Protein chains: 2
Amino acid sequence: MIYSSELIKGTLKTIVLKLLADNKKMYGYEITQRVKELTLDKIQITEGALYPTLHALEADGLVTTESEFIGKRVRKYYTLSPSGKNKTKEKVSELADFMETMKFLLDIKTKTA
Amino acid sequence: MIYSSELIKGTLKTIVLKLLADNKKMYGYEITQRVKELTLDKIQITEGALYPTLHALEADGLVTTESEFIGKRVRKYYTLSPSGKNKTKEKVSELADFMETMKFLLDIKTKTA
DNA sequence: AAAGATACATAAGAATCTAATGTATCTGAC
DNA sequence: GTCAGATACATTAGATTCTTATGTATCTTT
């Protein structure tokens, strides 16, 4: 089972930031594979979604990049900047809080007539 | 604190379906207020988001409507159809599953270098 | 009488994703 | 040695879904 795509909306940036916080330095393709692996294929980040997100993080100064050649192929590593680390904490705790709220919303049964 | 808007994306439809499942019959404005109340103001559904969503649910045959006059004012009640009830179960369990996955993603620390 | 709440609705624009497409290299199997 | 599939970057048209603004109208409370 793969989650319907609309669920990813809004959480992708946070997922990416969190992975970078935990792994110090990652490249795009690696991120897609790591997420796939960690979520047992349930979340599949497409490249069309990931690269624009990474570029946006860079434009916002939340990550810095360095390119490395693996043979003849370029690999672009992303690393959190100091402001990126702060942003990550904010986003992660906001999402955690949101999930608690959603859990509550999905559990309740009010006036089950 | 109000959640940043992108978090709502993709969950609104599920929230609405779940509320209808629990309350049998609700009208638009009531839904916005109920969500606000249940989430301690952390989720504020705007009318610009809610009404198009309700209309879409109706167009998909997931809800039926009946209008009622309160004085001179119309109030439009929404009720889940049988297929809406099934859809609600699907969406709620998918979202619950997704939140478990996200919780896991946000908790782990791999290779914290 | 006026302000604020109730109650519906639409529409332009922004944000963010999907799906498709493109380029190029590397690796393993046959 | 060649071909498929994986690795690795990227962009773009289009779809979806929200925000913000606007509109209309009634009801309630001061």
Side-chain angles (χ1 to χ4, degrees), chain A residues 2-17 19 25-37 41-60 62-63 65-78 91 95 98 102, chain B residues 2-17 19 25-37 41-60 62-63 65-78 91 95 98 102:
Chain A
I2 298 174
Y3 299 125
S4 65
S5 59
E6 75 250 24
L7 285 180
I8 313 300
K9 300 206 184 205
T11 59
L12 177 55
K13 193 180 288 182
T14 305
I15 291 173
V16 171
L17 287 172
L19 278 182
K25 181 177 157 183
M26 294 184 88
Y27 55 98
Y29 187 76
E30 185 184 14
I31 292 173
T32 65
Q33 298 307 303
R34 185 66 57 83
V35 170
K36 192 166 180 284
E37 171 199 327
D41 294 6
K42 290 192 275 190
I43 297 180
Q44 312 235 14
I45 297 179
T46 60
E47 293 172 291
L50 180 64
Y51 290 117
T53 296
L54 287 172
H55 299 162
L57 291 176
E58 190 178 8
D60 289 346
L62 301 176
V63 299
T65 64
E66 42 179 326
S67 290
E68 191 176 296
F69 274 91
I70 305 295
K72 286 179 186 166
R73 212 157 41 179
V74 176
R75 184 180 282 176
K76 198 164 163 190
Y77 280 100
Y78 291 84
K91 294 292 252 176
L95 183 48
F98 178 72
M102 285 302 301
Chain B
I2 298 173
Y3 299 124
S4 65
S5 59
E6 74 250 25
L7 286 180
I8 313 300
K9 299 205 184 207
T11 59
L12 177 56
K13 193 180 287 182
T14 306
I15 292 173
V16 170
L17 287 172
L19 279 182
K25 181 178 160 183
M26 293 184 88
Y27 55 98
Y29 186 77
E30 185 184 14
I31 292 173
T32 66
Q33 299 306 303
R34 184 67 58 83
V35 170
K36 192 166 181 283
E37 171 199 328
D41 294 8
K42 290 192 273 191
I43 297 179
Q44 312 235 13
I45 297 178
T46 59
E47 292 173 291
L50 180 63
Y51 289 117
T53 296
L54 287 171
H55 299 162
L57 291 176
E58 190 178 7
D60 288 345
L62 302 176
V63 299
T65 63
E66 42 178 328
S67 292
E68 191 175 296
F69 274 91
I70 306 295
K72 286 179 188 168
R73 211 156 44 178
V74 176
R75 184 182 283 177
K76 199 166 164 189
Y77 281 100
Y78 290 83
K91 294 291 254 177
L95 183 49
F98 178 72
M102 285 303 301

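Remember, it's a predicted structure, so these values are computed and weren't measured experimentally.
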Student: So which of Glu58(A), Lys76(A), His55(A), Lys25(A) actually passes side-chain hydrogen bond (donor to acceptor under 3.5 Å, both in side chains) with Thr65(A)?
Tutor: Glu58(A)

Student: Closest approach to the side chain of Lys72(A), judged atom by atom: which nucleotide of dT25(C), dA9(C), dA10(D) is it?
Tutor: dT25(C)

Student: Which heavy atom in Ile45(A) sits nearest to a heavy atom in Thr32(A), and how many Å separate them?
Tutor: O-CG2, 3.6 Å

Student: With a 4.0 Å limit, can you tell me whether Tyr27(A) has a side-chain N or O closer than that to the phosphate oxygens OP1/OP2 of dA8(D)?
Tutor: yes

Student: Which whole-number value in Å describes the distance from Glu66(A) CD to dA8(D) C1'?
Tutor: 16 Å

Student: Just how far, in rounded Å, is C1' of dC17(C) from CD1 of Ile43(A)?
Tutor: 14 Å

Student: Given dA9(C), is OP1 or OP2 found less than 4.0 Å from the side-chain N or O atoms of Lys76(B)?
Tutor: yes

Student: Return the NZ to CD distance between Lys36(B) and Gln33(B), rounded to the nearest 0.5 Å.
Tutor: 6.0 Å

Student: Report yes if some heavy atom in the side chain of Met102(A) is under 4.5 Å from a heavy atom in the side chain of Ile43(B); otherwise report no.
Tutor: yes

Student: Please state how far atom NZ in Lys36(A) lies from atom C1' in dT7(D), giving the value in whole angstrom units.
Tutor: 13 Å

Student: Would you name the heavy atoms of Leu7(B) and Phe98(A) that are closest together and state the gap between them?
Tutor: O-CZ, 3.5 Å

Student: Quickly work out the Lys13(A) NZ to dA15(C) P distance and round it to whole Å.
Tutor: 10 Å

Student: Whole angstroms only, please: what is the CG-P distance between Leu54(B) and dA9(C)?
Tutor: 8 Å

Student: With nearest nucleotide decided by heavy atoms, which residue, Glu6(A) or Ile70(A), maps closer to the 5′ end of DNA chain D?
Tutor: Ile70(A)

Student: Minimum heavy-atom separation for Tyr51(A) to Tyr29(A), with atom names?
Tutor: OH-N, 3.9 Å

Student: Please give me the minimum heavy-atom distance between Leu19(A) and Arg34(A), naming the atom from each residue.
Tutor: CD2-CG, 4.1 Å

Student: Which pairs, protein N/O on one side and nucleotides 18-24 of chain C N/O on the other, fall under 3.5 Å?
Tutor:
from, atom 1, to, atom 2, distance (Å)
dT18(C), OP2, Thr46(A), OG1, 2.8

Student: Nearest heavy-atom pair of Pro52(A) and Ala49(A): which atoms, and what distance?
Tutor: CD-O, 3.6 Å

Student: Phosphate oxygens OP1/OP2 of dA9(C): is one of them under 4.0 Å from a side-chain N or O of Tyr51(B)?
Tutor: no

Student: Pro52(A) or Arg75(A): which one's nearest nucleotide on DNA chain D is closer to the 5' end?
Tutor: Arg75(A)

Student: Just N and O in the side chain of His55(A): are any of them under 4.0 Å from OP1 or OP2 of dT11(D)?
Tutor: yes

Student: Please report the distance, rounded to the nearest Å, between CG in Asp60(A) and P in dA15(C).
Tutor: 11 Å

Student: Take the C1' atoms of the five end pairs on each side of the helix from dA1(C)-dT30(D) to dC30(C)-dG1(D), get both axes, and report the angle to 10 degrees.
Tutor: 30°

Student: Compare every heavy atom of Ser4(B) with every heavy atom of Lys91(A), then report the nearest pair and how far apart it is.
Tutor: NZ-OG, 4.3 Å

Student: Starting at atom CD of Glu30(A), determine the distance to atom P of dA8(D), rounded to an integer number of angstrom.
Tutor: 8 Å

Student: Take the protein atom CD of Gln33(A) and the nucleotide atom C1' of dA6(D), then report the distance between them rounded to whole Å.
Tutor: 9 Å

Student: Check whether any side-chain heavy atom of Val63(B) sits under 4.5 Å from a side-chain heavy atom of Leu54(B), and report yes or no.
Tutor: no

